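Just below is one structure, and these are the notes that go with it.
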Amino acid sequence: IPETFDELVEVMDMIVADGDTPWCIGIESGAATGWTATDWTEEMMLRTTSLENYDAWVRGDLPFDSPEVKGAIEAWSNIWFNDDYVFGGREQIATTFFGDSPNGMFEDPPKCWMHKQGSFITSFFTEGVEAGTDFDFFYLPPIGDDYGRPYLVSGDLYAATSDRPEVLAFMEYFTRGESLKVWMESGGALSPHKDVDLSWHSDPVEAGVGAAIASATSVRFDASDLMPGEVGAGTFWTGMTSYVNGDADLDTVLEEIDASWP
């Protein structure tokens with residue numbers, strides 16, 4: 001299990017030397033095609049620059065065509081655009097449905113050995129595969145020692161639309177880890193609360209992810225989800241798709257995303 005990004009590259013090269021392919025990658029998602037590339041960009045931003053720069057990027061104060069953002073995209077491009085590293089090569093990434101892409105790991109023989117995605121992706125896995133037997137996971141390692149062990153998350157939000165006492169009491173209940181206990185036991189939920197017990201998880205993958213989040217040196221919310229819709233769910237998605245397809249170079253794409261900021 002690689003603890004550093006250099007070790008991850010060593011694992012990738014070892015897999016290639018064995019005649020296999022390290023990664024399953026797909027970003028097709030209908031009208032939302034490209035969002036997977038935004039997640040990889042956010043992961044690399046957290047590993048190659050400061051939290052202050054990440055937050056400034058979310059606010060629009062650090063432009064997409066800055067060296068920091070461009071460098072983060074180039075970091076994952078070194079993997080994605082190496083046809084030895086990705087099953088099907090670069091040309092198939094944008095046409096492969098993100099939910100189907102990991103299932104190459106479960107073919108016999110496997111078409112690829114690793115996939116990076118949020119914990120929800122297990123619901124798309126080949127029917128019947130079991131965590132710990134057919135698959136496991138590890139933390140995407142840091143790049144260097146400067147930025148610790150960051151963790152990228154997204155989530156659901158609760159919002160009250162009335163200030164009635166019973167509504168506020170209900171909202172207050174959601175501030176406690178106990179409010180998610182049944183959901184965690186049922187599967188499909190991670191908790192941001194510090195007072196949760198990881199043993200409440202029925203799913204070993206979710207329990208492991210919860211432990212990794214708890215031990216992270218920093219946590220940040222998905223940047224594209226926080227950005228204005230025109231960008232985060234608009235030009236960022238389409239721009240990354242054009243870049244991956246080779247329809248536009250990175251500099252042009254980044255300038256167009258910046259120009260779309262409201």
Side-chain angles (χ1 to χ4, degrees), residues 1-3 8 11 22-27 29 32 35-36 38-40 42-43 46 96-108 110-142 148-160 166-167 169-226:
I1 297 175
E3 294 294 330
L8 176 60
V11 170
W23 291 96
C24 312
I25 302 175
I27 66 171
S29 187
W35 67 262
T36 302
T38 71
D39 284 0
W40 276 75
E42 293 150 4
E43 295 277 20
L46 291 174
T96 300
F97 176 55
F98 81 91
D100 291 339
S101 61
N103 289 323
M105 296 188 294
F106 305 115
E107 297 195 20
D108 185 14
K111 292 182 176 177
C112 42
W113 290 84
M114 296 185 290
H115 181 72
K116 193 207 82 67
Q117 188 51 270
S119 57
F120 74 90
I121 196 61
T122 56
S123 63
F124 289 88
F125 280 3
T126 300
E127 185 176 356
V129 300
E130 296 182 6
T133 300
D134 302 298
F135 71 92
D136 211 327
F137 75 98
F138 59 87
Y139 169 77
L140 184 67
R149 292 176 65 86
Y151 214 95
L152 179 71
V153 300
S154 62
D156 299 306
L157 305 177
Y158 297 113
E166 64 271 27
V167 175
F170 192 53
M171 293 297 292
E172 192 277 333
Y173 179 63
F174 285 136
T175 68
R176 309 177 209 168
E178 178 189 6
S179 68
L180 289 179
K181 182 178 180 181
V182 173
W183 196 356
M184 292 168 66
E185 290 173 341
S186 300
L190 297 167
S191 172
H193 303 82
K194 293 183 178 180
D195 62 335
V196 299
D197 186 334
L198 293 178
S199 69
W200 295 345
H201 283 290
S202 61
D203 186 323
V205 172
E206 291 174 359
V209 173
I213 295 174
S215 64
T217 58
S218 62
V219 175
R220 282 297 185 272
F221 202 86
D222 183 290
S224 62
D225 287 350
L226 295 174

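These figures come from a predicted structure and were not determined experimentally.
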Partner residues of Asp39 under the side chain to side chain donor-acceptor pair (under 3.5 Å) criterion, sequence neighbours left out
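Result, side chain to side chain donor-acceptor pair (under 3.5 Å) vs Asp39: none returned.
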Taking it one step at a time, do Ser224 and Glu42 satisfy side chain to side chain contact (heavy atoms under 4.5 Å, CB included)?
CA-CA 8 Å; Ser224 62; Glu42 293 150 4; 3.3 Å; yes
Nearest heavy-atom pair of [X] and [Y]: which atoms, and what distance?
X: Ser29; Y: Phe98; result: OG-CE2, 3.6 Å
X: Met184; Y: His201; result: CE-NE2, 3.3 Å
X: Asp225; Y: Asp222; result: N-OD1, 2.9 Å
X: Val196; Y: Gly177; result: CG1-CA, 3.6 Å
X: Phe124; Y: Gly99; result: CB-O, 3.4 Å

Are the side chain of [X] and the backbone N or O of [Y] linked by a donor-acceptor pair below 3.5 Å?
X: Glu206; Y: Leu190; answer: no
X: Tyr139; Y: Pro150; answer: yes
X: Ser202; Y: Glu185; answer: yes

N/O donor-acceptor pairs under 3.5 Å from side chains in residues 125-133, not counting sequence neighbours:
{"from": "Thr126", "atom 1": "OG1", "to": "Asn103", "atom 2": "OD1", "distance (Å)": "3.1"}

What residue among Leu8, Leu46, Leu152 forms side chain to side chain contact (heavy atoms under 4.5 Å, CB included) with Leu140?
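Between Leu140 and the candidates, side chain to side chain contact (heavy atoms under 4.5 Å, CB included) is satisfied uniquely by Leu8.
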Residue set satisfying salt bridge (Lys or Arg N to Asp or Glu O under 4.0 Å) with Glu172, at least two apart, ordered chain then number -> Arg176
What's the spacing between [X] [atom1] and [Y] [atom2] if we round to 0.5 Å?
X: Glu178; Y: Tyr173; atom1: CD; atom2: OH; value: 4.0 Å
X: Phe137; Y: Met114; atom1: CZ; atom2: CE; value: 15.5 Å
X: Ile213; Y: Ser191; atom1: CD1; atom2: OG; value: 9.0 Å
X: Ser179; Y: Asp195; atom1: OG; atom2: CG; value: 8.5 Å

Just wondering, do Phe138 and Glu3 contact through their side chains at under 4.5 Å, heavy atoms?
no
Could you tell me if the side chain of Phe170 sits less than 4.5 Å from the side chain of Tyr158, heavy atoms only?
no
Is the number of heavy atoms from other residues, nucleotides or ligands under 6.0 Å of Phe97 CZ greater than 12?
yes
Begin from the C-alpha positions of Leu180 and Trp200 and carry the test side chain to side chain contact (heavy atoms under 4.5 Å, CB included) through to its verdict.
CA-CA 9 Å; Leu180 289 179; Trp200 295 345; over 6 Å; no
Check against side chain to side chain contact (heavy atoms under 4.5 Å, CB included), Gln117 and Ser101:
CA-CA 10 Å; Gln117 188 51 270; Ser101 61; over 6 Å; no
For a side chain to side chain contact (heavy atoms under 4.5 Å, CB included) check, start with the C-alpha distance between Ile27 and Trp35, then their side-chain angles and the critical distance, and finish with the verdict.
CA-CA 7 Å; Ile27 66 171; Trp35 67 262; over 6 Å; no
